[in-house]
Protein chains: 2
Amino acid sequence: MAEREAGGSTGRAATLSDVAKLAGVSIATASKAINGRDQVAPATRQRVMAAAEQISFTPNELARGLINGRTGTVGLLTSDLEGRFVIPILMGAEDAFGAGQVNVFLCDARGDAIREQHHLKALLTRRVDGIIVVGRQTDPRPSLGHDIPVPVVYAYAPSDDPTDISITPDNRAGGRLAVEHLLSCGRRRIALISGDPAFAAAQDRAVGVREALTDAGLELVGSPMYSDWSEHWGRDASAMLLRQYPDVDGIVCGSDQIARGALDTLRDLGRDVPGDVAVIGYDNWEILATNSRPGLTTIDANLQQLGRVAATRIFDALDGAGGAGSTEVTGGTEHLPVRLVIRGSTIPRR
Amino acid sequence: MAEREAGGSTGRAATLSDVAKLAGVSIATASKAINGRDQVAPATRQRVMAAAEQISFTPNELARGLINGRTGTVGLLTSDLEGRFVIPILMGAEDAFGAGQVNVFLCDARGDAIREQHHLKALLTRRVDGIIVVGRQTDPRPSLGHDIPVPVVYAYAPSDDPTDISITPDNRAGGRLAVEHLLSCGRRRIALISGDPAFAAAQDRAVGVREALTDAGLELVGSPMYSDWSEHWGRDASAMLLRQYPDVDGIVCGSDQIARGALDTLRDLGRDVPGDVAVIGYDNWEILATNSRPGLTTIDANLQQLGRVAATRIFDALDGAGGAGSTEVTGGTEHLPVRLVIRGSTIPRR
DNA sequence: GAAACATCCGAAATGCTTTTCGGTACGGTA
DNA sequence: TACCGTACCGAAAAGCATTTCGGATGTTTC
C-alpha cells in the first residue's frame, strides 16, 4: 500500500539523500556538488546535478536556515488596510536583493495592538531575519521595544524612540517641492488646503510650503486650511477659499483626495485648471491622480525606494552585529527624498 | 571575549535545551511540558514553564516544520500592483485559522512570468503548505501545472485548467443583484455602462443584468456600452447615453470608476442623483465609493471571505491527501456570493 | 513482604542540510 | 620499492524540536 504518487500532488518532496542515492555518492558530496563548492570532481558534479534535476530536487530552506542562522525572510508588520503604502514598500523590500532571495511575511494587525503582538511573536517564532513596521501616518508610533532578537526598522511611520531605526519620507521637502513647482509655473498667489492638523504630515508639509514661499519673498494667501483628508473637505475648502480670495492662482493640497475635491469645485465654479488656477496634490495615488480632469500633478513619496532602504538596513544591522568590523548601525530617523510627478493640473497638456 | 549581550539585540535566541538545563530536566520533558502533553507532573511542568518564561523561549518553528512536515505558511502569488484585491484576500487567509496560526508570504510577480517562476520556486524551497494565486481580473489565467508538490488554489482569477481548484466571485449574481436593487428602487429604464468587453467580468455581469431584467419583463435601455474601466469612459458614455435616452432612470456601471465618471457627468448635466437617475457601481472600492457625491451604491465581491475559503481549501486538500478518509478534494471553479452595499446614489439619505 | 501497576522522566532516533575532518586512491619522486 | 602530496570522497556532528520506548520511581494489592 504505502502511498501512491498518482496525482503527483502529494509525493513527499525529494531530499538531498535521494539525490545522493540516485547519483551513487554520499550526501556530503551531493551537497557540495549542488552548492558549487570545490572538492568535487567535475564528472561527479555533473552526475549529481543530473540526478537532482531528474527528481526535481529543491533544497529545504528550513533545514538550511536551521544551520546558518539566516532564513532570508523578513516580516512586514502593518495596519495599512488599504495596502496603499505597504504594497510598494513590500515590493521595494523584495527587490533590495535579487528576486526570490528574500521573502516577506505580510501581517496585517488591523490597528489592534493585541493582534500586533500575536503577529510579532509568530514572526519571531519563524525566525525572520528582521522586521519592518509600516504605519499609515507619518506620525511617530510606539516602539516595539528593544528586547527583540532581530533588527527592527520602522518605515513610513517612525518610532517614537529615537534610538530605533526609522525611515520616513521627507514631507517638508515635499511641501517645498510643490511650491517651487507652482512658482516655476508662474504662480504667485498660492494657498494651502491640507488635512487633519494633528497629523505630522500636515504640519511638516506646511512648513516646507512656507519655507519655499518665504525664500521667494512671498506669503501664503490666507491661512492654511486644515480639516481632514477627504474629497468633501477639498470641495468645501476650495469653495470657501475662492469666495474669500478670488484671485488665487495656485493651490497646494495636502493629499490627492483633497485635490480631487478642489478640482471638482473649480469645475463647478467655472475656473479653468490649470489656466486660471493650478492645483497640486500629494501622494501620487494613481487611481485618483490619473483619472481626474485634468490629471493631477502630485508629490510621490518614493515608497518603493523606502522599502528597499528598509530591507537594506536590516541586513546591514545583521552583518554589523555579527561581524568583527562592527559597522555600528546607528538609530535615528532617516528622511528619504520625494519626487514631483507632473500632470495636467499644473501644466496644460497637448 | 566571546560575544557581549549588551544591546540585547544580538543574543542568540534561547533553545529548548537552555530551558531544560535551567529547569533541571531533560529536553524531552521540557518539550512535553511546554506543548501540554501529559506524562509530565504538574510541578515539573510549572518549573519548565517558568524557565521558558524567564529566558523568553520561543520554539523554533523551522525545526518544528522540519519534523511534522507542516510549516503553517502559505504563499500568495500575485500581480495585483494596487493591492486592491490581494490585501483583503490576504486578510481572509490569515483569519481562516486563528491569528498567528498561519503566516503568509506575499510575492508580487509584477505581471512577469519569469518572476512568477522565481517566486514559485522560492516558495517551494521554503516549504509552504500551499499556494494561493491571485489575479487581477476574473478571466482565467494559465495554470501553474500539476507538478507542484503542494496544493494550489486560484483566487479571483480562476485557472484555465478545470481540474485546478479556483475560487472567484459570482459576477453574474452581482449583475442580477445590481438590477434587482434598482428595480426595488422603482427604476424601470435601466442602462448598462461597462468596461473592456474582452474581460470576463464585463460579460458575466452583463449576463446577470440581462437575466434580472428579463425576469422582470423589461429590457435594457439601448445596448450595453463597453470600452474600458476608467472614469473618463464613465463620463463620456453617460453623456452619450443621456443624449440618446434622456429618460433613463437607472444606470448599472461595470466598475466604481465608471460610476464615478457617470456621477460627474450627471452633475454637469444637472440631473439629480438619485432623484432623476440612480447609479450603481461595482467593486466597493472604498476610496472611490465613499468620497463621491452622493456616496456610491455598489457591489462588494466579499474578497475577505474569498481569501478565507482559499486558505481553507488548501488545508482541506492537505488533510484529504494525507488522511486515510480521503476527503476527495475535487477541482473546479467555485463562485462565491457577492453583496450589495447601499449608499446615497440609489437611495436618498438623510 | 513481594508482585503488579501506574506515573513520570530521559536517552535516542527522526527530519534535512551543511561543514569539518579523516580517509582512500592515484600520480609522482627519491 | 617506499614515501609524499594532491585530489576526491564519506562519516559524523551540528542545528532545534518532537516522539517513541525503555527505565526508574512510587503506590497499591494479595
Side-chain angles (χ1 to χ4, degrees), chain A residues 11-49 51-52 55-73 121-122 124-129 149 322, chain B residues 11-49 51-52 55-73 122 124-129 149-150 322:
Chain A
R12 185 181 104 304
T15 95
L16 187 57
S17 91
D18 296 336
V19 176
K21 203 172 298 172
L22 184 58
V25 298
S26 77
I27 295 180
T29 304
S31 170
K32 284 180 245 176
I34 287 178
N35 295 330
R37 302 200 121 10
D38 41 9
Q39 304 263 333
V40 179
T44 310
R45 186 183 305 270
Q46 287 271 328
R47 205 145 32 91
V48 172
M49 298 295 254
I55 59 179
S56 66
F57 164 78
T58 52
N60 187 325
E61 196 66 34
L62 271 60
R64 212 176 227 170
L66 205 52
I67 296 171
N68 58 21
R70 289 266 182 109
T71 56
T73 60
K121 188 165 269 181
L124 292 178
T125 258
R126 299 202 186 285
R127 295 297 185 270
V128 293
D129 289 336
Chain B
R12 184 181 106 306
T15 95
L16 188 58
S17 90
D18 296 337
V19 176
K21 204 172 299 172
L22 183 57
V25 298
S26 77
I27 295 180
T29 303
S31 170
K32 283 181 248 174
I34 288 178
N35 295 330
R37 302 199 122 9
D38 41 11
Q39 305 264 331
V40 178
T44 311
R45 187 183 304 272
Q46 287 271 329
R47 203 145 33 89
V48 172
M49 297 295 254
I55 59 180
S56 66
F57 163 78
T58 51
N60 187 325
E61 197 66 34
L62 271 61
R64 210 175 226 170
L66 206 51
I67 295 173
N68 58 21
R70 290 266 183 108
T71 55
T73 60
L124 293 178
T125 259
R126 299 201 186 286
R127 295 296 187 270
V128 292
D129 289 336
V150 297

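These values consider heavy atoms only, across backbone and side chains, with no hydrogens, waters or symmetry-generated copies. Source: prediction; values computed, not measured.
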Heavy atoms only: give me the nearest A:A14-A:I55 pair and the separation to one decimal.
CB-O, 3.7 Å
Looking at B:A52 and B:I34, what are the two nearest heavy atoms and their distance?
CB-CD1, 4.1 Å
Nearest-angstrom distance from the residue atom [atom1] of [X] to [atom2] of [N]:
{"X": "B:L16", "N": "C:dT14", "atom1": "CG", "atom2": "C1'", "value": "15 Å"}
{"X": "A:N60", "N": "D:dC16", "atom1": "CG", "atom2": "C1'", "value": "13 Å"}
{"X": "A:L66", "N": "D:dA17", "atom1": "CG", "atom2": "C1'", "value": "9 Å"}
{"X": "A:K32", "N": "D:dA7", "atom1": "NZ", "atom2": "P", "value": "14 Å"}
{"X": "A:E61", "N": "C:dG15", "atom1": "CD", "atom2": "C1'", "value": "16 Å"}
{"X": "A:L62", "N": "D:dT18", "atom1": "CG", "atom2": "P", "value": "14 Å"}
{"X": "B:I27", "N": "D:dG15", "atom1": "CD1", "atom2": "C1'", "value": "12 Å"}
{"X": "B:R45", "N": "C:dT7", "atom1": "CZ", "atom2": "P", "value": "14 Å"}

Would you check if the side chain of A:R47 reaches a backbone N or O of A:L22 as a donor-acceptor pair within less than 3.5 Å?
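No.
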[N], OP1 or OP2 - any side-chain N/O from [X] closer than 4.0 Å?
{"X": "B:S31", "N": "D:dT18", "value": "yes"}
{"X": "A:S17", "N": "C:dC16", "value": "no"}
{"X": "A:T29", "N": "D:dG10", "value": "yes"}
{"X": "B:R64", "N": "D:dA17", "value": "no"}
{"X": "A:R37", "N": "C:dT19", "value": "yes"}
{"X": "B:T15", "N": "D:dA17", "value": "yes"}

Any non-hydrogen side-chain atom of B:R64 less than 4.5 Å from a side-chain atom of A:L62?
no
Can you find a heavy atom in the side chain of A:R126 that is under 4.5 Å from one in the side chain of A:T73?
no
Judged by nearest nucleotide, the residue sitting upstream toward the 5' end of DNA chain D, B:N68 or B:Q39, is B:N68
Does B:I67 or B:R47 map to a spot on DNA chain C nearer the 5' end, using the closest nucleotide for each?
B:R47
Here's a test of your reading of the structure: between B:A28 and A:N35, which maps to the more 5' nucleotide of DNA chain C?
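Looking at DNA chain C, the more 5' nearest nucleotide goes with B:A28.
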